[in-house]
Amino acid sequence: MLDPKKLRQSTQDVANNLARRGFQFDIDSYSSLNESRKLLQIENDNLKNKRNKASKEIGIAKSKGEDVTEILKLSENINGLLANNESKLSQILSQIEFIELGLPNLLSDRVPDGKNESDNEVIRSWGNKKEFSFPVKDHVELGSNLGLLDMDNAARISGSRFSVLRGNLASLQRALIQFMLDIHINEHGYEEFYVPFIVNSETLTGTSQLPKFESDLFKIESDKSLYLIPTAEVPLTNLFGDQIIDIDTLPRKLVAHTPCFRSEAGSYGKDTKGLIRQHQFEKVELVQISTPEKSFDALESLTSNAEQVLQKLELPYQVVSLSAGDIGFGSAFTYDLEVWLPGQNAYREISSCSLFGDFQARRMKARYKNPNTGNNEYLHTINGSGVAAGRALVAVLENYQQEDGTIKVPDALISYMNKKIID
RNA sequence: GGAGAGGUGGCAGAGCGGUUGAAUGCACUGGUCUUGAAAACCAGCAAGGGUUUGUAGCCCUUCGAGGGUUCGAAUCCCUCCCUCUCCGCCA
């Protein structure tokens with residue numbers, strides 16, 4: 001959520017910023033709603049003030065045994081006016097809230113202009129793409145030929161966009177997860193968390209998946225409003241909601257491995273084959289909570305923490321800065337890590353590291369006491385994959401494939417796998 | 001699932017229809033005292049919002065959440081959520 005004061009006072013600046021995303025903010029209707037809100041709220045407060053005073057007088061008069069019929073009448077009169085005014089106000093307020101929850105975050109000045117992903121800016125690249133002396137296969141072919149990837153059975157028992165991994169392939173994914181967790185916990189100073197995979201709608205509103213992107217989520221059939229998490233970002237970040245954090249505990253660095261569930265209703269036809277886009281996948285997620293001054297540094301450190309995983313696995317990748325047209329709803333600035341996939345002859349996203357500024361913190365009321373001002377101020381939230389395990393598995397298969405169709409185990413994973421070849 | 005107890009400020013814990021946003025204690029902040037520290041004493045100290053150039057005033061809201069009764073609710077009624085204890089069941 002954007003700062004409502006800023007929204008009111010610098011409406012045109014906000015609109016200009018949002019326009020970079022291609023988002024059109026209807027200034028006129030927002031301003032007129034706000035004007036009505038202002039008048040109604042002032043009137044409302046005045047009426048309540050009168051009623052409060054009258055009630056107090058009644059209490060005093062009664063204790064003295066005086067007659068109160070006159071003032072009682074006045075008070076009842078006020079209540080009539082108030083009821084009418086209040087229903088109008090609450091209607092306006094809910095309209096304003098609906099608009100505000102639907103506004104994307106303001107972009108950082110560093111976000112490159114652009115309409116879509118083709119305008120993303122490559123910041124740096126790492127590693128050398130391996131030269132293969134034989135025709136490369138993609139991960140589906142590799143996994144299927146080894147008998148370790150079973151898409152048919154997954155489709156039969158669950159549906160499309162699910163997968164079954166067998167034997168060494170299942171172990172390889174688990175090894176990747178364990179490997180990543182170990183790096184972040186032992187080398188990068190993150191604290192490991194185990195969190196619920198089911199969360200309520202308030203939680204998802206806090207991190208801004210709701211109300212706008214409900215169709216991307218799996219909702220649970222229940223009398224409560226519960227959803228499967230689309231990423232560990234949701235429970236982890238919300239740990240700080242409704243709290244005033246002691247500044248001495250900042251920055252906080254959290255890591256969790258969870259499955260992620262995404263309905264992705266809008267993406268049919270994209271990446272239908274293989275493990276790239278699944279309804280369920282494993283991910284190691286990094287979250288940092290910082291003060292506003294240090295949040296860009298936090299993003300840089302979190303991004304380099306994610307990069308370390310790919311470097312240790314010796315997987316070539318590039319870091320791109322998402323353009324205004326491609327960046328996510330709640331993000332002020334995003335680096336994507338794109339890993340090289342020989343089977344697709346392309347770089348594909350394997351991690352997305354975003355700075356949300358106070359956007360999420362405001363929604364979930366995550367604050368800290370700023371000792372300089374003495375005020376409670378909103379924290380900044382940062383998160384990124386460190387990295388997506390399903391896609392890391394794809395990258396290992398395709399980059400470490402050998403002519404005979406077997407897969408060499410990356411050096412970094414040998415101790416986790418206790419073998420050097422997957423066959 | 002059955003029986004009971006309870007949810008109040010950063011924490012502990014009073015209040016149980018009326019000038020109570022809320023006693024008291026702890027913690028915290030400032031001051032006095034002290035060579036310094038501790039102790040003692042004095043003072044301040046909830047959150048959110050509106051108005052406003054304003055961290056000044058003034059005003060509104062908030063005692064788990066949502067309804068209701070009332071001129072007036074932390075206090076009474078209803079529904080829900082959560083926590084704790086005991087029993088049952090279970091990984």
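Heavy-atom basis, side chains included; hydrogens, waters and symmetry copies ignored. A note on names: the letters A, B, ... follow the listed sequences, proteins ahead of strands, and every chain is numbered from 1.
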Rounded to the nearest angstrom, tell me the gap between atom [atom1] in [X] and atom [atom2] in [N].
X: A:Asn200; N: B:rC81; atom1: CG; atom2: P; value: 13 Å
X: A:Arg8; N: B:rU52; atom1: CZ; atom2: C1'; value: 13 Å
X: A:Ile244; N: B:rA47; atom1: CD1; atom2: C1'; value: 7 Å
X: A:Asn376; N: B:rU29; atom1: CG; atom2: P; value: 16 Å
X: A:Asp248; N: B:rA27; atom1: CG; atom2: P; value: 18 Å
X: A:Lys38; N: B:rG49; atom1: NZ; atom2: P; value: 17 Å
X: A:Lys5; N: B:rU52; atom1: NZ; atom2: C1'; value: 10 Å
X: A:Leu226; N: B:rC82; atom1: CG; atom2: P; value: 10 Å

Atom CD of A:Glu117 with >12 non-hydrogen neighbours under 6.0 angstrom: no
Heavy atoms of other groups near A:Asp109 CG, more than 12 under 6.0 Å: no
Looking only at atom [atom1], what distance separates [N] and [M], rounded to whole Å?
N: B:rG10; M: B:rA46; atom1: P; answer: 10 Å
N: B:rA39; M: B:rA23; atom1: C1'; answer: 26 Å
N: B:rA73; M: B:rU69; atom1: C1'; answer: 10 Å
N: B:rC33; M: B:rC41; atom1: C1'; answer: 9 Å
N: B:rC81; M: B:rU29; atom1: C1'; answer: 37 Å
N: B:rU52; M: B:rG15; atom1: P; answer: 43 Å
N: B:rA22; M: B:rU61; atom1: P; answer: 14 Å
N: B:rG7; M: B:rC77; atom1: P; answer: 14 Å

Range-with-range stems for RNA chain B, at least three Watson-Crick or G-U pairs under 3.5 Å: B:1-7 with B:81-87, B:10-12 with B:24-26, B:28-32 with B:40-44, B:46-51 with B:57-62, B:64-68 with B:76-80
Residues A:Lys115 and A:Asp119 bridged, charged N to O under 4.0 Å: no
Note: A:Lys273-A:Asp138 ion pair, threshold 4.0 Å (strictly below): yes
Ring-ring centroid check A:Phe261 A:Phe281, cutoff 6.0 Å: no
Close aromatic pair by centroid cut-off 6.0 Å: A:His380 and A:Phe296: no
A:Glu377 vs A:Asn34, nearer the 5' end of RNA chain B by closest nucleotide: A:Glu377
Side-chain heavy atoms of A:Asn376 within contact of A:Tyr368, under 4.5 Å: no
A:Val396 side chain near A:Leu176 side chain, heavy-atom distance below 4.5 Å: yes
Sugar-phosphate only, base, or nothing, as touched by A:Asp246 at under 4.0 Å among non-hydrogen atoms: nothing
Side-chain N,O (A:Arg367) to OP1/OP2 (B:rG10) below 4.0 Å: no
A:Arg37 side chain near B:rG50 phosphate (N/O to OP1/OP2, under 4.0 Å): no
Sugar-phosphate or base contact per nucleotide [nucleotides 55-79 of chain B; S, B, -; heavy atom under 4.0 Å]: ----SSS---------BS-------
Polar side-chain atom of A:Arg277 near backbone of A:Arg161 as donor-acceptor pair, under 3.5 Å: no
Under 3.5 Å donor-acceptor, A:Lys212 side chain and A:Gly102 backbone: yes
